[in-house]
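A quick write-up on the structure given underneath.
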Number of protein chains: 2
Amino acid sequence: MEHDTSSNADCRERILEAAGEIFADCGFRGATVRKICERAKVNVAAINYYFGGKEKLYAEVLRHWHDFATKKYPLLFGVREDAPVDEQLRGFIRSFLFRLLDKGKPAWFGKLMMREMTEPTRSFERLVKEIVRPRDRILASIVQKMVGTSVSEEEIRLCCASIIGQCLYYYNAMYVVTRLYHQDVSKPDEIERIAEHIMQFSLKGLEHNSKHDEDRTKKETESRTSF
Amino acid sequence: MEHDTSSNADCRERILEAAGEIFADCGFRGATVRKICERAKVNVAAINYYFGGKEKLYAEVLRHWHDFATKKYPLLFGVREDAPVDEQLRGFIRSFLFRLLDKGKPAWFGKLMMREMTEPTRSFERLVKEIVRPRDRILASIVQKMVGTSVSEEEIRLCCASIIGQCLYYYNAMYVVTRLYHQDVSKPDEIERIAEHIMQFSLKGLEHNSKHDEDRTKKETESRTSF
DNA sequence: TACAAATTGAAACAACTGTTTTAAACTGGA
DNA sequence: TCCAGTTTAAAACAGTTGTTTCAATTTGTA
């Protein structure tokens with residue numbers, strides 16, 4: 001029979017589960033097929049049999065756990081698109097943080113994405129096109145609504161970067177935060193507190209731009225690349 | 001002769017140079033002794049002869065390039081400790097960004113540090129104690145001066161995280177920024193622009209927290225806007 | 001010059017990598 | 001029951017890893 005997309009749920013599922021954890025923990029290169037197979041309790045040949053190789057398994061893992069993450073934490077955390085922009089931004093930040101910091105399966109995809117950003121594999125291009133860019137567009141449109149139309153494209157990009165950067169920090173520097181402050185950033189209460197701080201910090205950061213735009217337009221017009 | 005700390009400058013130096021680049025590019029696990037030796041134009045046995053193994057070489061590389069980075073980009077970018085706190089913060093941000101984004105050797109240590117944070121090696125503990133914690137203390141004291149004494153330790157930590165997070169973003173998401181906006185974040189002009197944005201964004205973010213402190217009009221007159 | 005120590009070079013080592021092979025075990029329909 | 005087709009299992013494969021061995025070469029010094 002065809003062993004392409006959706007048969008042999010048992011073994012296949014077990015491999016996807018084990019691979020999700022191992023890839024998230026060790027990265028693509030650091031994860032070994034033997035480690036994955038041991039955790040999934042299957043023979044080393046199973047990965048090649050079901051997925052056709054380590055790389056194709058990795059691509060499947062990305063797909064599988066992205067669906068899972070999207071289902072558990074929608075992009076705006078359930079906030080409706082016609083809600084006040086402030087609420088939309090808060091939803092975005094909370095979703096982004098929970099996807100990265102929540103314990104276990106929900107965070108697997110976030111970790112994989114993070115690894116793709118710092119050391120891309122062959123899946124990078126697809127991920128940027130299908131996942132990063134759409135999300136970036138949504139955040140940019142939220143920011144745009146908050147700062148007004150007189151702010152340049154580039155400054156909106158910088159503001160988006162400031163927001164995303166604050167969120168990513170808690171994942172990237174997780175070991176440091178733990179070591180330095182003995183703070184567990186994966187507890188839901190803590191995530192909520194962090195989210196609210198980033199929300200308030202960014203609200204003020206954005207407000208600045210919306211009031212000052214006329215002073216700085218002369219400096220930025222040179223490098224404006226609108227589409 | 002003793003081949004312990006500072007002899008055989010030629011071969012040793014060449015290995016440190018090559019290893020700095022390869023480790024920064026590929027990480028500890030990703031870098032192979034053969035790749036390093038090939039670039040350094042030495043035999044594969046040289047690393048074990050001069051440093052006693054890959055791991056000890058790595059520790060030496062961290063030491064060596066940290067000294068280099070500190071010399072080229074001091075912690076506050078040359079701003080004196082008695083300068084206005086705003087200037088100190090600006091110096092800190094510029095130093096942090098240039099250390100990460102500047103091209104070639106100056107960035108090697110920043111990249112190695114970043115890798116240590118996301119996937120620690122045996123050098124992690126020492127780096128946190130000797131480098132991360134002191135730097136964190138300096139930033140915290142700057143932030144403390146800016147927001148006043150009535151702000152809790154935890155809120156200062158959150159603010160420091162927001163500042164560092166914004167800086168780290170441009171390194172961690174470098175591939176994404178390049179792909180998404182075709183923007184080269186390693187050009188000095190661009191780094192300066194990013195630094196100034198983070199400076200302004202953070203100034204407002206901090207101001208929010210110190211809203212209840214009234215006595216802070218002396219050094220920030222240039223950037224007072226809303227409220 | 002002579003000689004012991006330091007350095008280099010090529011080959012080999014054992015451990016580990018992803019993948020393939022080969023055969024045995026299982027499965028479900030005739 | 002039988003038996004093709006599917007799935008599992010163990011072993012082996014070729015390639016790479018960090019490290020070691022050991023002889024050849026270079027170096028410093030008396």
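Note on naming: letters A, B, ... go to the chains in the order of the sequence lines (proteins, then strands), and numbering restarts at 1 for each one. Below, all heavy atoms of this structure are taken into account, side chains as well, without hydrogens, waters or symmetry copies.
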Which nucleotide in the set [options] lies at the smallest distance from any side-chain heavy atom of [X]?
X: Tyr49(B); options: dA6(C), dA10(D), dT19(C); value: dA6(C)
X: Val33(A); options: dA10(D), dG18(C), dG9(C); value: dG18(C)
X: Thr32(B); options: dT19(D), dT17(D), dT17(C); value: dT17(D)
X: Cys11(B); options: dT8(C), dT19(D), dT20(C); value: dT8(C)

Length of the line joining [X]:[atom1] and [N]:[atom2], which is rounded to integer Å:
X: Glu38(B); N: dT17(D); atom1: CD; atom2: C1'; answer: 15 Å
X: Arg29(B); N: dT16(D); atom1: CZ; atom2: P; answer: 21 Å
X: Ile15(B); N: dT7(C); atom1: CD1; atom2: P; answer: 12 Å
X: Asn43(B); N: dA24(D); atom1: CG; atom2: C1'; answer: 12 Å
X: Arg34(A); N: dT20(C); atom1: CZ; atom2: C1'; answer: 12 Å
X: Asp10(B); N: dT8(C); atom1: CG; atom2: C1'; answer: 13 Å
X: Ile47(B); N: dT7(C); atom1: CD1; atom2: C1'; answer: 16 Å
X: Arg12(B); N: dA6(C); atom1: CZ; atom2: C1'; answer: 15 Å

- For Ala45(B), report the nucleic acid contact type (base, sugar-phosphate, nothing); a contact means any heavy atom under 4.0 Å.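 The residue Ala45(B) makes base contact.
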- Message: Strictly below 4.0 Å: does Tyr50(A) bring a side-chain N or O up to OP1 or OP2 of dT8(D)?
- Response: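 True: Tyr50(A) side-chain N/O within range (under 4.0 Å) of dT8(D) OP1/OP2.
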- Task: Find out whether the Lys NZ or Arg CZ of Lys56(A) is both under 6.0 angstrom from the six-membered ring centre of Tyr50(A) and within 45° of the ring's axis.
- Result: no
- For the residue pair Ser202(A) and Gln166(A), confirm or rule out a side-chain donor-acceptor distance under 3.5 Å. yes
- Item | Donor + acceptor pair across side chains of Asp102(B), Tyr73(B) (<3.5 Å) |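 A pair is found: one side chain offers a donor N or O, the other an acceptor, under 3.5 Å apart.
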- Query: Got a second to check how far Met113(B)'s CE is from Leu168(B)'s CG, nearest 0.5 Å?
  - Reply: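 Rounded to the nearest 0.5 Å, the CE-CG separation comes to 9.5 Å.
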- Item | Between Phe68(A) and Phe109(A), ring centroids under 6.0 Å |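 When the ring centroids of Phe68(A) and Phe109(A) are compared, they turn out to be at least 6.0 Å apart.
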